[in-house]
Each structure stands twice: as C-alpha cells, then as structure tokens.
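Note that the structure is a prediction, hence the values are computed from the model and not measured. Side-chain atoms are counted along with the backbone in the values below, which use heavy atoms only and exclude waters and symmetry mates.
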Amino acid sequence: MTKTLYTIGFTKKSAEEFFTLLKENDIRMLLDIRLNNTNQLAGFTKQQDLEYFTRMLLGIPYVHDPRFAPQAETISTYRNGKGEFASFRKEFLETMEERGIRDVIREAYSSNLDHCCLLCSEKDADSCHRKIVAELMREVYPDLEVIHL
C-alpha cells in the first residue's frame, strides 16, 4: 500500500492558504525540519503558534525535529550566495549520513509518515532541503509517494 509524504514551505503563503493546503490534503502530522523555528521571520509558523494552530485548527500533532535540518554554517553559506545548491546538497547529505538519518527515519517515523508533511520556509521545494529529506525518506521506504505543496 502506497503512503504519501507531503512537503510545504510557508514563504509567500498566507496563514489561510497554508492551513487550507494542510487540511485539503488530510495532513496527519506536521514535521518541522527547520533548524530555527522561533525567529520573527517565521510569522505564523513560530513554534508555539504553529503547535497551537495545528492542534486547534487541524487536530494534528506538530513535531520539531532539527536532526533533519542543515547545520547553521551550511545554511549561511548557501543563503549568502557563497555556494550553489549542488554544494549545499552534498554538504547536507554528508551531515545526514553522519547523523545516521536513515536509522532515525526507521526508528522514529516508520509508523507515521503517511500523510505527514515536512515543513520548511523555502517557497520552492527544488531549492530547499525538505526535498532532500523527502528523497532520503523515500530511500528508506520506496513505496512512499512524495507531493510538494
């Protein structure tokens, strides 16, 4: 039986659009894979607010797991235009390997990836680490279908 994993970025989305997408796609858990989920740029997606909104509006759990986030230096280099996405991807995958992320996926998320949604800030999944994380999850569970919202 195929399971579906979703990803979403909140940049350039209103709260209404964001939560409607989650509801319309029957998301059952929001997995925040950002390193920092408390800064002011996060707007309605700050940790305490998002935890409240997902529980009250959607009745689903919010989980923040920074083990799926790039290291601060990696993010900084990429965002400051000092590196291309290919370099970012390579460095991020090395970090994921060092963290044993495939084991983390198997041990912590094996039973709740169906209709789970990976959250990050980037508007476009093609330039975001959430696509890489989704690919890693798909390596562990090949029957996982990935949809980027």
Side-chain angles (χ1 to χ4, degrees), residues 1-13 18-19 21-22 25-55 58-149:
M1 178 157 135
T2 302
K3 294 180 180 181
T4 307
L5 174 72
Y6 294 84
T7 80
I8 192 167
F10 63 81
T11 299
K12 300 206 178 188
K13 285 182 179 67
F18 179 84
F19 290 105
L21 280 168
L22 296 179
N25 287 282
D26 191 30
I27 300 306
R28 298 180 193 148
M29 179 176 75
L30 188 61
L31 178 55
D32 189 342
I33 60 171
R34 296 174 290 170
L35 181 62
N36 183 358
N37 66 352
T38 58
N39 69 31
Q40 286 186 275
L41 296 176
F44 67 88
T45 63
K46 284 187 265 189
Q47 180 181 8
Q48 288 105 340
D49 294 340
L50 197 51
E51 190 171 5
Y52 172 81
F53 291 141
T54 55
R55 183 172 29 90
L58 304 170
I60 64 170
Y62 163 83
V63 176
H64 179 233
D65 194 336
R67 292 178 293 185
F68 292 106
Q71 295 177 339
E73 309 84 55
T74 306
I75 295 169
S76 179
T77 300
Y78 178 59
R79 285 196 180 148
N80 292 331
K82 297 176 186 166
E84 295 183 8
F85 190 73
S87 299
F88 170 85
R89 178 185 178 82
K90 181 180 182 290
E91 194 170 327
F92 179 60
L93 284 170
E94 289 170 1
T95 299
M96 294 292 92
E97 197 65 38
E98 290 168 10
R99 291 179 185 166
I101 208 66
R102 287 171 185 83
D103 289 336
V104 170
I105 294 166
R106 281 184 203 95
E107 292 165 14
Y109 296 100
S110 65
S111 65
N112 53 5
L113 284 180
D114 191 27
H115 284 258
C116 173
C117 187
L118 305 179
L119 168 71
C120 196
S121 60
E122 299 294 329
K123 179 183 180 212
D124 182 17
D126 288 332
S127 60
C128 182
H129 80 286
R130 71 179 185 271
K131 181 177 181 181
I132 301 167
V133 172
E135 290 168 358
L136 289 168
M137 289 180 169
R138 204 154 174 240
E139 281 180 27
V140 175
Y141 298 107
D143 66 335
L144 198 61
E145 177 186 7
V146 178
I147 297 174
H148 303 286
L149 300 176

Work out which heavy atom in [X] is nearest to a heavy atom in [Y]; give both atom names and the distance.
X: Arg34; Y: Ala69; answer: C-CB, 3.7 Å
X: Phe85; Y: Cys128; answer: CE1-N, 3.8 Å
X: Ala125; Y: Lys131; answer: O-CB, 3.3 Å
X: Ile8; Y: Cys117; answer: CG2-SG, 3.5 Å
X: Cys116; Y: Leu31; answer: SG-CB, 3.8 Å

Atom [atom1] of [X] and atom [atom2] of [Y]: how far apart are they, to the nearest 0.5 Å?
X: Ile60; Y: Phe53; atom1: CD1; atom2: CZ; answer: 13.5 Å
X: Thr95; Y: Ile101; atom1: OG1; atom2: CD1; answer: 10.0 Å
X: Met29; Y: Tyr62; atom1: CE; atom2: OH; answer: 11.5 Å
X: Leu50; Y: Phe10; atom1: CG; atom2: CZ; answer: 9.0 Å
X: Leu35; Y: His64; atom1: CG; atom2: NE2; answer: 7.0 Å

Between [X] (side chain only) and [Y] (backbone N and O only), is there a donor and an acceptor less than 3.5 Å apart?
X: Asp114; Y: Thr4; result: yes
X: Arg130; Y: Glu122; result: yes
X: Thr54; Y: Glu51; result: yes

My understanding is that only residues two or more places apart in sequence, or in another chain, count here; which of them pass side chain to side chain donor-acceptor pair (under 3.5 Å) with Arg89? Glu135
Applying side chain to side chain donor-acceptor pair (under 3.5 Å), can you list everything that pairs with Lys13, at least two apart in sequence or on another chain? none
Walk me through whether Lys90 and Glu94 qualify under salt bridge (Lys or Arg N to Asp or Glu O under 4.0 Å). CA-CA 6 Å; Lys90 181 180 182 290; Glu94 289 170 1; 2.8 Å; yes
A side-chain contact here means heavy atoms from C-beta on lying under 4.5 Å apart; do [X] and [Y] qualify?
X: Ile33; Y: Leu119; result: no
X: Val104; Y: Phe68; result: yes
X: Leu118; Y: Met137; result: yes

Could you pull out every donor-acceptor pair under 3.5 Å between side chains of residues 139-149 and any protein atom, sequence neighbours left out?
residue	atom	partner	partner atom	Å
Glu139	OE1	Arg102	NE	3.1
Glu139	OE1	Arg102	NH2	2.8
His148	ND1	Thr7	OG1	2.6

Those residues that, when tested against His115, pass ring pair (Phe, Tyr, Trp, His ring centres under 6.0 Å) (two or more places apart):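 Residues passing ring pair (Phe, Tyr, Trp, His ring centres under 6.0 Å) with His115: Tyr6.
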Which residue pairs satisfy the salt bridge (charged side-chain N to carboxylate O under 4.0 Å, His left out) criterion with at least one member in residues 61-75, sequence neighbours excluded?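 Every salt bridge (charged side-chain N to carboxylate O under 4.0 Å, His left out) pair that includes a residue of residues 61-75, provided the two are not neighbours, is Asp65-Arg67.
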Given Leu5 and Tyr109, is the side-chain contact (heavy atoms from CB on, under 4.5 Å) satisfied, shown in steps? CA-CA 11 Å; Leu5 174 72; Tyr109 296 100; over 6 Å; no
Kindly determine whether Leu58 and Ile27 satisfy side-chain contact (heavy atoms from CB on, under 4.5 Å), including the steps that lead there. CA-CA 8 Å; Leu58 304 170; Ile27 300 306; 5.8 Å; no
Sequence neighbours excluded, the answer for salt bridge (Lys or Arg N to Asp or Glu O under 4.0 Å) partners of Asp124 is none
